J.: 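One structure follows; several queries about it will come next.
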Amino acid sequence: MTAVTDEKLDKQARKILRDNDRGGYTVPTSGLYPYQWNWDSMFSAWGIATFDVRRAWFEITTLLYGQWDNGMIPHIIFHKRAEGYFPGPDVWAVERVPHTSGISQPPVAATMIRSIYESDKKAGRVHMELIYGRLVSWHRWWMKNRVQDGMVAITHPWESGRDNAVDWDSAMQAVDGSNVGDYTRRDTSHVNPEMRPKKEDYDRYLALVQFSRDNGWNEKYIAEHAAFRVADVGMTFILLRACRDLLQIAADLDHDTPEIEGWIETLEAGVANHWNPEGYYDSVNLRTGEFTGSLSSGSFLCWYAGVDPPEMMSHLKAILAEVRYGVPSNDPRAETFNPLRYWRGPVWGMMNALIAIGLKDQGHTLTAERLRKDTRELIEDHGFYEYWSPVDGTPAGGRNFSWTAAIWLTWAGPHAKGGF
Ligand code: GLC
């Protein structure tokens with residue numbers, strides 16, 4: 001690739017982030033996802049900070065508008081009504097302003113915010129002081145409501161951010177999707193249905209939303225009675241990493257740290273419970289106590305959380321040897337592997353960024369570099385897509401995707417710093 005082309009891509013990435021700005025918040029992509037999504041928004045802020053740090057802080061502020069009184073930061077904030085998305089605010093029926101969904105999403109916020117803050121402390125100090133308490137109360141919400149045996153439980157596959165990953169297959173069998181009533185999906189009118197979850201998955205997704213909604217989003221009740229509850233290995237690693245970053249922020253601001261240190265200890269101990277005796281980190285179906293038997297991209301966030309067992313490196317190398325572009329979201333040797341269906345095979349740029357940053361932190365620089373190169377080529381050759389086939393790079397899902405643009409500017413592109 002010539003320098004000119006890369007300059008052009010830098011420009012294009014900034015343009016995508018600006019075009020997806022809806023006035024203080026960045027949509028993941030126009031059409032398919034017309035609201036503010038939690039972790040997408042934090043990736044966007046990280047990318048925006050490379051050219052407009054003040055706008056990045058504004059992004060963080062608008063996400064926090066959606067925070068509930070109990071500390072939870074929802075997975076979608078419906079700031080203003082938009083067409084073309086289902087399930088919208090009426091389905092979630094959350095009585096607050098702005099309207100939001102009723103579940104959360106992977107807490108990458110503290111990690112991204114730490115990086116944005118450290119990139120320009122002068123611009124960030126006042127914002128950092130103001131939002132610190134909100135971050136702490138979000139983490140406290142996770143620890144209080146969701147941590148079981150040191151592992152982080154999700155109440156809905158959408159909470160994981162890896163919607164139809166194989167990790168949820170066995171647990172979803174217990175969810176009855178036959179009574180959800182009629183509804184019209186909107187995702188399949190934006191992109192090829194072959195690249196999206198199937199109808200039977202969607203029925204169950206909705207059944208879970210209806211169950212929690214009809215029980216007033218009561219965490220205690222849901223914990224005891226919902227059909228679905230899975231300790232998500234990716235979520236445990238992401239929260240552990242986020243707590244480590246929150247601790248650094250706390251120290252910088254001269255705040256007390258023992259509570260956060262306690263969270264880190266709990267989660268570090270919980271990581272051991274994710275170890276499937278077959279020899280890899282795995283999710284656990286908390287309703288049955290069984291491992292879900294999935295070596296998916298969530299498992300490879302171990303390095304990002306500061307955990308480095310040699311077995312995981314062997315698995316990653318074996319998987320990378322199978323595909324042209326790593327890291328596939330599902331093991332390419334598994335029967336369930338599908339190179340184009342969302343989280344059941346495709347490679348996602350933002351996951352690669354997190355995995356590779358972790359690898360680099362742990363000294364695995366060559367493998368980290370391979371992921372960066374693969375991601376760079378996918379973007380150079382095909383554009384800023386939502387995801388791609390790991391087999392041949394076929395682009396899939398939404399185009400002009402915000403987090404893909406963001407990771408180009410921060411990590412994958414030739415002018416990127418290459419990490420936090
Ligand atoms: C899908 C993805 C999720 C993402 C959202 C918006 O639901 O699985 O991770 O946050 O789209 O991009």
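Both ligands and their constituent atoms are indexed starting at 1 by order of listing. Below, each value reflects all heavy atoms present in this structure, side chains not excepted, and no hydrogens, waters or symmetry copies. Remember, predicted model here, so these are calculated numbers, not experimental data.
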J.: What pair of heavy atoms forms the shortest contact from Ile238 to Pro106, and how long is it?
T.: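 Closest pair (atom of Ile238, atom of Pro106, distance): CD1-CB, 3.8 Å.
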J.: Which ligand 1 atoms are under 4.0 Å away from a heavy-atom of Trp343?
T.: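 Under 4.0 Å from Trp343, ligand 1 has these atoms: 2 (C), 8 (O).
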J.: Hey, does Tyr342 come in under 3.5 Å of ligand 1, counting only N/O atoms on both sides?
T.: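 Min N/O separation from ligand 1 is below 3.5 Å for Tyr342.
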J.: With a cut-off of 4.0 Å, which atoms of ligand 1 are near a heavy atom of Phe401?
T.: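 Those atoms are 12 (O).
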J.: Does the separation of the ring centres of His75 and Trp92 fall below 6.0 angstrom?
T.: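 Yes.
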J.: Would you call Arg341 and Glu194 a salt bridge, taking side-chain N to carboxylate O under 4.0 Å as the test?
T.: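 A salt bridge is present here (some side-chain N lies under 4.0 Å from a carboxylate O).
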J.: Suppose we measure from atom 4 (C) of ligand 1 to each protein heavy atom; which comes out shortest, and what is that distance?
T.: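 It is Asp40 OD1, 3.5 Å.
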J.: For atom 3 (C) of ligand 1, find the nearest protein heavy atom and state the residue, atom name and distance (0.1 Å precision).
T.: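 For atom 3 (C) of ligand 1, the nearest protein heavy atom is Gly161 O, 3.5 Å.
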J.: Which residue supplies the protein heavy atom nearest to atom 8 (O) of ligand 1, what is that atom called, and how far is it?
T.: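 The closest heavy atom on the protein side is Asp163 OD1, 2.6 Å.
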J.: If you measure from each non-hydrogen atom of Gln105 to ligand 1, which part falls under 4.0 Å: side chain, backbone, both or neither?
T.: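 Side chain only.
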J.: Count the heavy atoms of every other residue, nucleotide or ligand shown that sit under 6.0 Å from CD of Glu311, and state whether that count exceeds 12.
T.: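 Yes, enclosed.
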J.: Salt-bridged, Arg81 to Asp90, with N to O below 4.0 Å?
T.: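 Asp90 and Arg81: salt-bridged.
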J.: Is there at least one pair of N or O atoms, one from Trp39 and one from ligand 1, spaced under 3.5 Å apart?
T.: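 Yes, at least one N or O pair falls under 3.5 Å.
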J.: Does ligand 1 come near enough to Arg162 that some N or O of the ligand is less than 3.5 Å from an N or O of the residue?
T.: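 In this structure, Arg162 places no N or O atom under 3.5 Å from an N or O of ligand 1.
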